[in-house]
Amino acid sequence: MLETKANVILAGALREFLENGYKGTSVDRLAKAAGVSKPTLYNHFKDKEALFAAVIRQQVRIFYQDVAVLAIDMPVSGDPKVLLHSIFSAMLTRMLNNTDKHQDFIRLMIGESGRFPHLAQEVAKSIHKPVIDKLSQILKLHPEIDCLDPDMTAASILGSLIYFVMTQYILHASEILPLERDRYINQLVEMAVGY
């Protein structure tokens with residue numbers, strides 16, 4: 001299948017933005033990375049900011065599809081501890097899939113969130129919120145889970161899993177703050193179940 005020129009430009013731009021950030025990427029570099037002329041680039045995207053927004057939105061759609069699959073695949077019945085361990089483990093596995101690209105995207109989005117708050121909000125709306133909503137729903141379905149505030153518990157769990165990824169992989173701090181994966185997940189389960 002032949003890629004459209006816009007998709008070729010987006011792919012080249014993604015590589016450049018991930019490597020150099022928004023400020024460190026020139027339109028000349030974007031055109032060169034995509035193998036197109038500057039006029040061709042401008043025919044498809046108004047300016048560098050519009051291209052950056054298109055790249056971020058494309059990545060959000062890709063990550064959203066991954067999150068949507070995770071939300072659909074989350075089991076909703078069974079022993080609470082086994083159920084939550086399975087869910088938390090699956091969530092962490094998804095976060096670590098395609099690790100380098102995912103981590104680079106997070107670095108880029110955090111680094112540019114001040115310049116592009118609306119794009120950062122799209123990340124929260126399309127990626128974080130669906131996971132929190134599904135996890136909260138599961139917590140509500142299990143009265144044996146001693147959870148006074150399922151929404152806040154779900155947000156705390158997602159935040160804890162993101163913290164795991166941040167410290168162990170994005171900040172390269174696994175030797176400074178070593179967190180053994182199964183032990184970490186077990187502790188999250190204990191906190192969520194309230195035993």
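The analysis underlying the following values was restricted to heavy atoms, covering all of them including side chains, and did not include hydrogens, waters or symmetry mates.
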Please tell me if the side chains of R61 and R57 come closer than 4.5 Å, counting only heavy atoms from C-beta onward.
-> yes
Fit a plane to each ring of F116 and Y22, take the angle between them on a 0 to 90° scale, and name the class: parallel (under 30°), tilted (30 to 60°) or perpendicular (over 60°).
-> perpendicular
When every non-hydrogen atom of F164 is compared with those of L179, the smallest separation belongs to CE1-O, 3.3 Å
Under the side chain to side chain contact (heavy atoms under 4.5 Å, CB included) criterion, do V27 and L51 qualify, and how do the steps go?
-> CA-CA 10 Å; V27 174; L51 178 54; over 6 Å; no
Shortest non-hydrogen pair, R107 vs I170, comes out as NH2-O, 3.0 Å
Neighbour count above 12 (heavy atom, 6.0 Å) for K48 NZ = yes
Heavy-atom closest pair (K129 atom, K125 atom, distance to 0.1 Å) is CB-O, 3.6 Å
Nearest heavy-atom neighbours spanning I185 and L92 | CD1-CD2, 4.1 Å
Value for CG (L41) from CG (D47), rounded to nearest 0.5 Å, stands at 10.0 Å
Is the count of non-hydrogen atoms from other residues, nucleotides or ligands lying under 6.0 Å from K140 atom NZ greater than 12?
-> yes
Could you give the distance from NE2 (H128) to CG (L158), rounded to the nearest 0.5 Å?
-> 5.5 Å
If you group Ile, Leu, Val, Met, Phe, Trp and Tyr by side-chain heavy-atom gaps below 4.5 Å, do L96 and I110 land in one group?
-> yes
Determine whether M152 and V131 fall in the same hydrophobic cluster, where Ile, Leu, Val, Met, Phe, Trp and Tyr are linked whenever their side-chain heavy atoms lie under 4.5 Å apart.
-> no
Is there a donor-acceptor contact under 3.5 Å from the side chain of S136 to the main chain of D133?
-> no
Kindly check if the number of other-residue, nucleotide or ligand heavy atoms within 6.0 Å of CD (E175) is above 12?
-> no
Scanning both residues in full, the closest heavy-atom pair of T153 with C147 reads OG1-SG, 3.1 Å
Taking the side chain from T93 and the backbone from S89, do they hold a donor-acceptor pair closer than 3.5 Å?
-> yes
Evaluate the criterion side chain to side chain contact (heavy atoms under 4.5 Å, CB included) for residue pair I132 and L135; output intermediate values, then yes/no.
-> CA-CA 5 Å; I132 290 170; L135 190 52; 5.9 Å; no
Side-chain contact, heavy-atom cut-off 4.5 Å: K5 with T40?
-> yes
Shortest non-hydrogen pair, Q168 vs L177, comes out as NE2-O, 2.6 Å
Given S160 and F88, is the side chain to side chain contact (heavy atoms under 4.5 Å, CB included) satisfied, shown in steps?
-> CA-CA 10 Å; S160 294; F88 299 167; over 6 Å; no
Determine whether V165 and I176 fall in the same hydrophobic cluster, where Ile, Leu, Val, Met, Phe, Trp and Tyr are linked whenever their side-chain heavy atoms lie under 4.5 Å apart.
-> yes
Between CE of M95 and CD of Q103, what distance do you get to the nearest 0.5 Å?
-> 12.0 Å
Are L171 and I162 connected, step by step, through hydrophobic side chains (Ile, Leu, Val, Met, Phe, Trp, Tyr) whose heavy atoms are closer than 4.5 Å?
-> no
Are any of the side-chain heavy atoms of Q59 and M109 separated by less than 4.5 Å?
-> no
Does any non-hydrogen side-chain atom of V36 lie less than 4.5 Å from one of Y42?
-> no
Does the side chain of K32 come within less than 4.5 Å of D28's, by heavy atoms?
-> no
Interatomic distance, I87 atom CD1 to L139 atom CG [nearest 0.5 angstrom] = 8.0 Å
Steps toward side chain to side chain contact (heavy atoms under 4.5 Å, CB included) verdict (F52, L108) | CA-CA 11 Å; F52 182 76; L108 177 65; 3.9 Å; yes
Side-chain touch I106/V123, heavy atoms, less than 4.5 angstrom | no
If you round to the nearest 0.5 Å, how far is OG of S113 from CD1 of I56?
-> 10.5 Å
To the nearest 0.5 Å, how far apart are CG in L84 and CD1 in I157?
-> 6.5 Å
Can you check whether H44 reaches L10 side chain to side chain, under 4.5 Å on heavy atoms?
-> no
Using a distance-only test with no angle check, is there a side-chain donor-acceptor pair under 3.5 angstrom linking R15 and T25?
-> no
